[in-house]
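Worksheet: one structure, shown below.
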Amino acid sequence: MGKVLIIGAGGVGSVVANKVVQNKDVFTEIMLASRTRSKCDALAASLHGAPIRTAQVDADNVNELVALLTEFKPDIVINVALPYQDLAIMEACLATGVNYLDTANYEPKEEAKYEYSWQWAYRDRFREAGLTAILGCGFDPGVTSVFTAYAAKHHFDELHYLDIVDCNAGDHHKAFATNFNPEINIREVTQKGKYWENGRWVWTEPHEIHRPLTYPNIGAKESYLIYHEELESLVKNFPTLKRARFWMTFGQEYLTHLRVIQNIGMARIDPILYNGMEIVPIQFLKAVLPDPGELGENYTGETSIGCRIKGIKDGKARTYYVYNNCSHEAAYKETGAQGVSYTTSVPATIGAMLFMQGIWRKPGVFNVEEFDPDPFMAELNKQGLPWHELFDTDLELE
C-alpha cells in the first residue's frame, strides 16, 4: 500500500483516477495534478467524495515537479501527461527518490520521432538510485508487450513472427475526432511505417501496406501497417523474432480528413507566424477538434487489440492469438470515458498496483515485458479487460 501521484487529467487521467480509487486497498493516498487545477478538482468531485488531493503543476518544469513531489512524497508517479514531458518527470523523480510509470515513450516536440533511446539512457541513474521506472504501461504499448511475454513464457520455445493488431470498430458520431490527444495521435499515424524483419528495420510510406483482417466479434476491417514503439523493445527482449509488425484500422472517412489536414498544412509541428504571433498548426487544430475525453457518452461499438504469433513449441510449429475486446458503452458506464481511454488507463493502474505490491519492483528502467507477465494477466481479468486465447488458428498474416 502507498501513495500515488497521477500527472494528467485528460481522458486517460480521468480513468486512471477512477480505477485507482476502486483499488483503495493498494493506493492509500491519491493526488491528481495537471497544468489546469480546475480540471483536477472537477474530476475529483466526480468520484463521489473519494479522498483525492489536487494540485497545479507544469509538467515541463522540473523545478515545479520537484517541489510537488517533495511536498506530497508519493511512492510512484503515474505519468499520463504528454509524451514530451516524460524526461522532465523522470528527472524530478530521480531528484526526489520517487518511482515512475508511463504509458507512452518520450518524443521531442520538434520532431515526430518514436524511440526509447532517451528513456533507456536513464537506466544507470535509476538503478543507482534504487528506483523503478516502468515504461509503456498502457495497452499498446503495454498489454500487447505483456501478451508477448506471456506467450513466450507459456506457449512457445521460440517466437518467430509477431503481428500486433489494433482495431477500433467504434463510432463516436463525429465528423472527425481522435481517440486520444489529437496532436499526439495525428503525429503518430502520419509518420512513415516501419517493421522488423531479418535483423533490420524496413521502412514504408505512410499507410502503404494494408489488408483486411478479421477481428473477433467485429469482422473484417482494413488494417494498415504503421510503426509503433513497442516493436523497438520487443525485438530486443525476444531476439528469436524474425519479423515484428503493427497493424491499425482506419476508416476511409478518417483517412480522407487526415489527408486534407496534411495537404492544407494543419498537421505541421513547426511554428508559423500568424498576426504577429507564433503558433504551431497542429496545436491550433487540437484546440478546435472534439476533446477525446468527452467522446464517451455517444460512443458505440468496441475495440479489439491483440497479438498474433507464430513460433515453435516442442519442435512443432504453433500459432497463437491473444486479444481483448473492450466495449465503449461499458467503459463509459463504469468510468464516464470511451474505450480507448479505458484500455490505456486500466493497464497503467495495474502496473502501479504491481509495483506497490512489490511484484513489479526492481532498480532500473524497464519495459513491461521485462517483468513477470502472470500477475498482470490475472489483474486484467479482474480490472475490466478480460483476455481470450486462440490456438493453432488462421492468423491471416503470412
Side-chain angles (χ1 to χ4, degrees), residues 1-4 6 11-30 32 46-48 50-52 75-76 78 80 99 101-103 132 134 136-155 166 216-217 230 296 302-307 320-361 366-390:
M1 298 190 295
K3 300 167 71 173
V4 60
I6 304 163
V12 174
S14 70
V15 183
V16 170
N18 201 300
K19 298 302 287 191
V20 162
V21 166
Q22 290 181 30
N23 290 278
K24 57 182 179 292
D25 57 324
V26 176
F27 302 104
T28 54
E29 292 185 56
I30 306 161
L32 180 63
S46 73
L47 294 174
H48 310 297
I52 298 180
D75 295 288
I76 192 169
I78 299 178
V80 285
N99 301 279
L101 178 146
D102 67 30
T103 63
T132 301
I134 301 171
C137 197
F139 205 105
D140 43 352
V143 174
T144 52
S145 306
V146 175
F147 280 170
T148 304
Y150 185 82
K153 179 177 179 178
H154 294 285
H155 301 310
D166 181 327
N217 203 42
E230 64 262 48
E302 61 187 316
T303 65
S304 182
I305 311 173
C307 295
Y320 176 67
Y321 183 13
V322 55
Y323 67 92
N324 161 266
N325 277 32
C326 178
S327 160
H328 289 289
E329 295 100 324
Y332 180 76
K333 184 177 181 180
E334 180 188 344
T335 65
Q338 40 95 350
V340 177
S341 294
Y342 190 90
T343 56
T344 303
S345 307
V346 171
T349 307
I350 293 172
M353 288 174 60
L354 295 179
F355 168 81
M356 290 290 198
Q357 294 165 340
I359 299 170
W360 276 19
R361 184 184 297 207
F366 303 96
N367 295 88
V368 293
E369 68 269 18
E370 297 178 83
F371 295 98
D372 182 4
D374 291 5
F376 189 99
M377 295 288 279
E379 284 295 333
L380 284 173
N381 287 325
K382 297 175 185 176
Q383 301 292 334
L385 292 176
W387 46 277
H388 311 276
E389 298 173 294
L390 297 173

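Keep in mind that the numbers below use all heavy atoms, side chains included, and drop hydrogens, waters and symmetry copies.
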Inter-residue atom distance [X].[atom1] - [Y].[atom2], 0.5 Å rounding:
X: Glu379; Y: Lys382; atom1: CD; atom2: NZ; value: 4.5 Å
X: Ser145; Y: Phe139; atom1: OG; atom2: CZ; value: 10.5 Å
X: Thr349; Y: Asn18; atom1: OG1; atom2: CG; value: 9.0 Å
X: Phe27; Y: Gln22; atom1: CZ; atom2: CD; value: 11.5 Å
X: Ile52; Y: Leu47; atom1: CD1; atom2: CG; value: 4.5 Å
X: Gln357; Y: Ile350; atom1: CD; atom2: CD1; value: 10.5 Å

Using side-chain heavy atoms (C-beta onward) and a distance below 4.5 Å, is [X] in contact with [Y]?
X: Phe147; Y: Tyr320; answer: no
X: Met356; Y: Val4; answer: yes
X: Thr303; Y: Tyr342; answer: no
X: Pro386; Y: Asn324; answer: yes

Exam field: side chain [X] to backbone [Y], donor-acceptor pair closer than 3.5 Å:
X: Thr335; Y: Tyr332; value: no
X: Gln338; Y: Val340; value: yes
X: Lys19; Y: Gln383; value: yes
X: Trp387; Y: Val322; value: no
X: Glu370; Y: Asn367; value: yes
X: His388; Y: Tyr323; value: no
X: Asp75; Y: Lys3; value: yes
X: Thr144; Y: Pro141; value: no
X: Asn325; Y: Pro216; value: yes

For the student: nearest non-hydrogen atoms of [X] and [Y], plus distance:
X: Ala17; Y: Ile6; value: CA-CD1, 3.7 Å
X: Asp102; Y: Gly136; value: OD1-N, 2.8 Å
X: Gly11; Y: Ala337; value: O-CB, 4.5 Å
X: Val16; Y: Ala348; value: CG2-CB, 4.4 Å

Next on the checklist: I'd like to check the salt bridge (Lys or Arg N to Asp or Glu O under 4.0 Å) partners of Lys153; sequence neighbours left out, ordered by chain and number.
Outcome noted: Asp372, Asp374
Name the one of [options] that satisfies side chain to side chain contact (heavy atoms under 4.5 Å, CB included) with [X]?
X: Ile78; options: Ile134, Leu32, Leu101; value: Leu101
X: Pro347; options: Val143, Thr103, Asp140; value: Val143
X: Leu354; options: Val368, Val26, Ile359; value: Ile359

Checklist entry - Which of parallel (below 30°), tilted (30 to 60°) and perpendicular (above 60°) describes Trp360 and Phe371? => result parallel
